[in-house]
Structure formats: C-alpha cells, structure tokens
A.B. asks: 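Before we start, here is the structure in question, set down as structure tokens.
Numbered from 1 within each chain, the chains take letters A, B, ... in sequence-line order.
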Amino acid sequence: MTDMIDVLIVGGGGAGLRAAVAVAETDPALKVAVVSKVYPMRSHTVSAEGGAAAVIGLGDTLDEHCYDTISGGDWLCDQDAVEAFVAEAPRELIQLEHWGCPWSRERDGRVAVRPFGGMKKMRTWYAADKTGFHLLHTLFQTTLKYQDIIRYDEWYVTKLVVDDGRVHGVVAVEIRTGRVETIPARTVVLATGGCGRAFPFTTNAAIKTGDGMALAYREGAPLKDMEFVQYHPTGLPFTGILITEAARAEGGWLINKDGYRYLQDYDLGTPTPEPTLRSMELGPRDRLSQAFVHEQRRGRTADTPYGPVVYLDLRHLGEEKIEHRIPFVRELCRSYQNLDPVSDLIPVRPVVHYMMGGVHTDLDGATTVAGLYAAGETACVSINGANRLGSNSLPEILVFGRRAGIAAAEFARSHREAEPAAVHSQGEDERRRLARAREGGGNGGRIADLREEMQHTLEGAAGIYRSGDVLAKAADTLAGLRERAEEARVEDGSTTFNTELINLLELHAMLEVAQTIVACALNRRESRGAHQRTDHTDRDDAAYLAHSLVHRAPDGTPSVGLLPVTITRWAPGERVYGRD
Amino acid sequence: MTDSAETPVIRMEVARYRPGEDAEPVFQAYDVPLMDDWAVLDGLTHIKDRLDGSLSFRWSCRMGVCGSCGMTVNGEARLTCGTFLTEYAPGPVRIEPLKGFPVIRDLVVDIDDFLAKLSSVRPWLVREGEEPPLTAEYAQTPEQLEAYKQYSMCINCLLCYSACPVYVLDPDFLGPAAIALAQRYNLDSRDMDDRFDVLNLEDAVWGCTFVGECTKVCPKHVDPAEAIQRYKVSAALRSVLPWSRR
C-alpha cells in the first residue's frame, strides 16, 4: 500500500494534465498523482485536429459564443455551465500560449483564428491542423516542470474504492508487472475520455473504452445524457480516420456522387463559393451527418467496399493553402487513403467521434460521490447538450480540468481523516477478482467476437437514427453479452504486459456504458440534436427539456430518470442555420 | 471485398519474448490476410483478435500521431500503423521490437530512459520574471513560429533512438528526440534559456557522430540531425564568445 495521495487523477490527456498542473500550482504541498493506462503523451487528445474556440475580440462577444453553443446543443446545455465555460476559455488558451503552445499566427504576431462549424464568429484558435497534438505535448512537457507530480504510467485503474458515499482511492494494475495495488487518495479526478470504441466505426483511438464512465457508474455516480453520440460527418472509410472540420472551414465542399453540394437540400443554407459562417458545410455536425443518411436513401451516395460515401472536395483550395493550413489532412489522405486532396476527391462518411454524455458533474467537476470528480469527455457538465460544436472540446478539457483540479485540491485540504478499513478490504477483494480473471480463463467466446457483437449492436440501434423497437432489442442483446463476457476466454496467463486482460476489462467497461446509451436512447421519446428517433420525430420541450440521468440499479441494469436543464438567458428556440 | 477463400495471405514472423518462459526472443509465424489497405498494425491486431490473444504490443491512434506503435519491420524502424503489408508481399515480413531498448515482452520495449532524458532538457517554456496576466498572448510572428515549428512535430515514437548507432552503444547518449525538443524551445522566440548545461556535453550534442539515421527514419520529418548540428554551432560560438546566446 502506498502513501495517501491528495489528488489522484485517472487519465493523462488534456483534462487530466490540466487538473494536475492546477493542483501543483494551487498548493505545492499537496501530493498529486496521474494514473494513466498509456504514457500521457499517447492520450487521445493528441488526435484532435481543427482547433479550440475562445472569444478573443475581433467584434466577437461572450454572449455570441454562448448562443452558438446553446443553439448548437439544441437547448440541452446547462446555460450556467456554458457561461462559465465561455468566460474562462480565453484565459485558458492564453495560458497554453504562455506555456509554449505553437498556435498559428497572424502576420503581426497575434494568435490566428479560423471559422468552425456552428460558430457565427471566427473564434477557433489552431495550431495548423494538429491542435490537439500540440496542446497535449505542451501540457505534458509543462507538467515535467512540476517534478513532484507522481506518474503511474501504464497503470490501469480497475476500481474506485468508495465507502459510505465517499471515494478513498483506486485499485490499479501495473500493466508491466501485473502487480495490483491499492492507491489510497483523498480525492479522485476521472479524466479518461470517451467511449467511441464501443462502436465499430470511430475516429477514436483504441484506448477510448469508457473506463472512467464505468468506474463512476459502478460506484453509484449517475451518468448523464448518454444517448447523445456525435457522428462527425467526415471520416475516411475503413480506418475511420478523422478529416478535420477545418478542411471545410478553409473552404472545402461536401458533394454527393453527382458532384452536387447536397447540404442545400437540408435547410442548411445556399451554396456560396467562400465559406459562410453557420451555413452549409459550416453547419453543426449532427445536421450534416443526418443529411448524409438522407442522401444515401435517395441513392445519391457512392458505394465503396466499406460502405456508402460522399466526397470532400478541397481541390479548389490549391496546394499552397492545403499545405499551409491543413497539412495533416494531406498527410493522412496520402498515407492512409492513397490519394492527394490537391487533385483528388476525398471519400468520407459519418463516423462516431464524441460522447456528449458522461459522468454527471456540477460546474466544478464534482460528482454525487464525495471526493470524486470528473472532467473532459468523461464528464457531462453539461456544455455540449444534444450536440457539441467542433472546437469546444479542447477548451472544455482545459476549463473543466482546471476547475476539477482546484475543487479536488480544496476538498483534499479540508478532509484530512485517515483511510477507513474498507480501503484494505476492497483492495484485497479486487486483487482476487483480477487474479481469477487472468488465471481462470473462461471457456466462452473470444474477446474480439464479443466486442464486435457489441459494436454492431450499438451501431444498429444507437446510430444516427434510432427507433424504440430496435433499441429495445439491443438492450436485450447487450444484457446477454454482459453475461457472456463474464465467461470470455483469456489465453494469456502472464503477469507481464498482459494486454489481453486489459482488453477484457475494457470490454466490461464498454458493455456497461453501451447499456446506458441504449437505455437513455430508449427513454427519450423525442428527437433532439444527435438523438433522432424515427418513431418520435419532433423535439418535445414539454416532456424532455431535461437531461437523462442514468443510475446503475442493484441488479446491474440501467435505471433512467430526468433532470431539468438549467436555463439562464436563452429561451429554447428554433435552430437556424444558413438563413437569418 | 473478396471471399476469404480468395484472399491471399502473408506470413508475419513476429518476435515473441515472455520473461520467465523464453530465455531469449523466438519468432512465431502467423498467416494473415494480405489486404490492400491493411497496415502492419492491422495484421498484428488480426493476430491478437483471431489467432493468438497472448501477443503483446502497443498501439492507440492508428493515424500516426500518438507515437505508440513503433517497431522494427524487416530490420527497419517504422510506425506500424502507417506501414502497409503490401509493401512486403509476398512475404514473409519480420516484426521485432524497436532495437536499442530493453524488451519488456514480445514487441513492447521499455522507454522510461527516454522519459527521464526528456525531463532533463527542460522541455518547457523558460521565462524570467513574473508571468504576465492571462489577458494577452506573447506576440510571435509566423516567421518566428517557423523557426522552431519543425522540432515541435516530434511524436516521441523513438524510431530515431532505435536507428541511432550512438545510442545503441552508449545508453547515456541524450539522443535525437530529446535534443530536437530542447532545440524546439531554444529556438522559440518566447523562451529565455539555451539549455547549455545539459546540451553542451560529451553525452549530449558532442556524442553525435552525424550519421543522420535519426532524420532518415523520422516519420514526421523533424530532422533531429539538423537540430543537433545547429546546436553544435551555437555551443561552439558560445565557448568562444561566452556572452553570446544562441
């Protein structure tokens, strides 16, 4: 057993590292640790491309960023959270600049901004089209300055130790040695990202398996708005690699197989040669992905071995602009699709990208379990509502990572009591459970088979369009899969870098989260943002201007309720794109 | 997609090492479908998912930016997510862990040495005096950004260490990526350090024999060899003119 940690952060991506620095700067006397299943600079923040939104002047106002975010989220955002987010985003991006982030620049040396989907003003800061990469490496390298931050690199947290409604630490396995250790902590901050890997076709890295969501949910903290799954409209077929929205912000067009800019048929405005803010290709992601489905039904998509596609046309931008503004798009197309966007059309189709839902928290990242916090994609504050706008997630991890870190530090300072006996006993129970999982080697199906069945069940039921009967069937399938996963076959009995055991634990986490996605989608009998029901096609503010709140019942099944949305200044209205 | 009966296969010879079980690494052969768009990494995940769950390797983003999946493919240090099986048809293709690092298991190597070296070069923006309020950015022109941008593209994949003939013989050598990242900050107009104490050493820039393998294998065109040579020049200048910086 190790010494008591004051703030233990699970996850070393943008939110986790920002929280760690916040604690280190607030109170250097506190012991802060980052536990991550990968080296922090491998975290999925690294894959974010397009940019980070924050009001920086140029005729922009905080209220306009709020309105874009709230209308983009189809009025499901908590407006107090959005106001705090928008107000603090600029100082966070400047803070990153002061730490060395290589933001792209205007000629006079100021930080440059670009347009982005659903945003009425140019407010998206960017570092070419590797914004997340630069942001993560800047943060990670900055944390190295704080040598007292303890790192548990390549440790996988399997359980939160919770006793009497309060968190007391985690149980984690050191992947390199298989050693299982209980790490006592006064507070825990979950920052493990989303769960895109629960779906078959996703931009998400292999590590995005809903670990933090499942950890919190199992200990009684509810998840929120899990039915809202963002499909990004432009993923490369087969790999699911993201082609950033910045490609459209720089002037790219979406065309169908006939070369027609089809978005004009879906109430998203009229085509103009230059990009128009909040219009056409710069509409919100939910609406663009839905338009794709309609194009497919009309027979206007092209068929490929990996499903129907439309095309992203960047040819008219010219080589210089592509090289200068979106070089990574070109690099990815050349390396993974064997084409050059300077001269070729890029085949794209909607791809699972982001979870609007997550662990239910307040504005400081606090969950309903005392001492337990969450931030970033793992959490749902909520600023993203029913549909997140592109370039809001990077400032979100900074603003709420910092807030959660500061709040956790404050909690740790004011709760100095010794750990309860439960820490030891729960740790021992977990150690035995993990040994059984590794040595027992169930005789059931392969992990990969179970995972694929889960993924296709989710895609079929909780994709861009959903219906009650399919969702109900999926709920049954997932319940069956959970039982079968208990018997999954583990061939690797080794304690050294046993990734098969980790894959099994990740599968359990994803199944847990998948069940909440389906349960929330089933319960919401309306269409809003990224949640579109073919059997309930209208938004229903009378019944569902509310968050879904899902608890884990004692028998392990999800139990869904509703929680009112916080409205401050923006009454629910129509989402208008491409017309004034 | 073609029928599995018609799909050609390629043999992957994968280095296995299980501490406590294998005295030294052994090769295990697996036949995987030779698909046009499969990277070497897709072959490995196919093995893990379908043929042998006990094979261990690291991977994550599969889009060449997280830096996890560097391995030795037919003798060359490569990112396996961006290296295609068809390049090695009809096979076999040999997959080994990155050379120059201790092997933990199978294709997984110990990179903690690099992490320690990275920390040692102060890879953060060094400023003197108080930090200004968070109301405005430091000005930096596009030209000033360009001066260090290339060195900021390092994804820490460590192919350069694996290819470096100096590092293989002398594990104390600071190495290409750590020096390139030190230069990334040295050349940043916002930075006020020159990291002379950690770079101007026999085991740092002066250890480099300028073979240039690091630059050849770098998948992100960082050019660590150039970073090192440029620092040698400024370090030599500083030795002659002690008051000069950079």
Side-chain angles (χ1 to χ4, degrees), chain A residues 38-39 41-44 46-47 90-92 94-95 97-100 102-111 130 133-134 137-138 141-142 144-145 147 153 176 205-207 238-239 241-242 305 328 331-332 335-336 338 446-449 451 489-494 496-500 503, chain B residues 1 18-21 37 39 45 48-50 52-68 81-82 104-106 108 110-112 115 118-119 122-125 127 131-132 134-142 144-145 148-149 152-156 181 185 188 190-191:
Chain A
V38 292
Y39 284 89
M41 71 283 190
R42 313 296 192 211
S43 306
H44 188 58
V46 83
S47 295
R91 55 154 282 161
E92 280 303 308
I94 292 170
Q95 176 69 77
E97 198 280 330
H98 287 192
W99 284 336
W103 297 112
S104 292
R105 302 286 177 156
E106 301 289 353
R107 296 236 51 87
D108 64 0
R110 285 176 302 129
V111 164
K130 281 193 176 171
F133 163 79
H134 287 299
H137 280 256
T138 300
Q141 290 165 10
T142 298
L144 299 177
K145 185 163 58 171
Q147 293 183 357
D153 293 339
R176 181 187 298 207
I207 53 177
F238 179 55
T239 57
I241 288 172
L242 174 72
F328 195 35
E331 180 186 331
L332 290 169
S335 301
Y336 297 94
N338 201 21
R446 283 192 159 275
I447 293 169
D449 289 334
R451 189 170 57 217
R489 197 189 321 161
V490 177
E491 296 170 345
D492 191 348
S494 170
T496 306
F497 223 95
N498 186 334
T499 52
E500 194 181 27
N503 290 164
Chain B
M1 273 175 285
R18 288 148 293 202
E21 224 174 294
D37 36 20
T45 54
K48 179 146 191 90
D49 287 351
R50 303 285 152 214
D52 185 348
S54 74
L55 179 66
S56 282
F57 52 95
R58 293 189 181 105
W59 70 286
S60 186
C61 78
R62 56 82 180 87
M63 54 190 279
V65 71
C66 80
S68 305
C81 73
I104 296 173
R105 158 113 189 243
D106 296 343
V108 179
D110 184 345
I111 63 166
D112 283 346
L115 271 292
L118 177 64
S119 286
R122 298 190 293 277
W124 53 79
L125 207 65
R127 302 282 300 183
E131 197 192 338
L134 297 174
T135 48
E137 69 270 42
Y138 300 129
Q140 181 165 70
T141 65
Q144 289 173 320
L145 171 64
Y148 70 91
K149 184 80 197 271
S152 76
M153 304 303 274
C154 170
I155 62 172
N156 302 179
L181 284 162
Y185 286 97
D188 189 323
R190 299 166 293 181
D191 187 85

A.B. asks: For A:Phe497, is it the side chain, the backbone, both, or neither that has a heavy atom closer than 4.5 Å to a heavy atom of chain B?
C.D. replies: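 When you check distances to chain B, atoms from both the backbone and side chain of A:Phe497 fall under 4.5 Å.
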A.B. asks: Pick one of side chain, backbone, both or neither for A:Glu106, based on which atoms fall under 4.5 Å of a heavy atom in chain B.
C.D. replies: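 The answer is the backbone of A:Glu106.
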A.B. asks: Less than 4.5 Å to any heavy atom of chain B: does that hold for the side chain of A:Asn338, its backbone, both, or neither?
C.D. replies: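 For A:Asn338, no heavy atom lies under 4.5 Å from chain B.
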A.B. asks: Under a 4.5 Å heavy-atom cut-off, does chain B meet the side chain of A:Pro102, its backbone, both or neither?
C.D. replies: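 Contact with chain B: backbone and side chain both.
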A.B. asks: Side chain from CB out, backbone as N, CA, C, O: work out which of these in A:Leu332 comes under 4.5 Å of a heavy atom of chain B, or both, or neither.
C.D. replies: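 Only the side chain of A:Leu332 comes within 4.5 Å of chain B.
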A.B. asks: Please determine, by modelled atom types, if A:Gln95 and B:Glu131 share a side-chain donor-acceptor pair under 3.5 angstrom.
C.D. replies: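 Yes.
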A.B. asks: Please classify the contact of A:His44 with chain B as side chain, backbone, both or neither, using a heavy-atom distance under 4.5 Å.
C.D. replies: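 Contact with chain B is absent: no heavy atom of A:His44 under 4.5 Å.
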A.B. asks: Salt bridge between A:Asp153 and A:Arg176, side-chain N to carboxylate O under 4.0 Å?
C.D. replies: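 Judged by the 4.0 Å cut-off on N to carboxylate O distance, A:Asp153 and A:Arg176 do not form a salt bridge.
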A.B. asks: Heavy-atom cut-off 4.5 Å, strictly under: side chain, backbone, both or neither for A:Thr499 against chain B?
C.D. replies: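 A:Thr499 touches chain B through backbone and side-chain heavy atoms alike.
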A.B. asks: Which one of A:Trp99, A:Tyr39, A:Trp103, A:Phe328 has the most heavy-atom pairs closer than 4.5 Å to chain B?
C.D. replies: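 Option with the top pair count is A:Tyr39.
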A.B. asks: Go through the atoms of A:Arg446 and report whether side chain, backbone, both or neither lie under 4.5 Å from a heavy atom of chain B.
C.D. replies: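 The answer is the side chain of A:Arg446.
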A.B. asks: Can B:Tyr148 and B:Gln140 be counted as having a side-chain donor-acceptor contact under 3.5 angstrom?
C.D. replies: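 Short answer, yes.
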A.B. asks: Kindly confirm or rule out a cation-pi arrangement of B:Arg105 over B:Phe57, judged by NZ or CZ under 6.0 Å from the six-membered ring centre and within 45° of its axis?
C.D. replies: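 Not flagged: B:Arg105 not positioned over aromatic ring of B:Phe57.
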A.B. asks: Is B:Ala39 close to chain A through its backbone or its side chain, or both, or neither, when contacts mean heavy atoms under 4.5 Å?
C.D. replies: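 For B:Ala39, neither part sits under 4.5 Å from chain A.
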A.B. asks: Less than 4.5 Å to any heavy atom of chain B: does that hold for the side chain of A:Tyr336, its backbone, both, or neither?
C.D. replies: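 For A:Tyr336, heavy atoms of backbone and side chain both lie under 4.5 Å from chain B.
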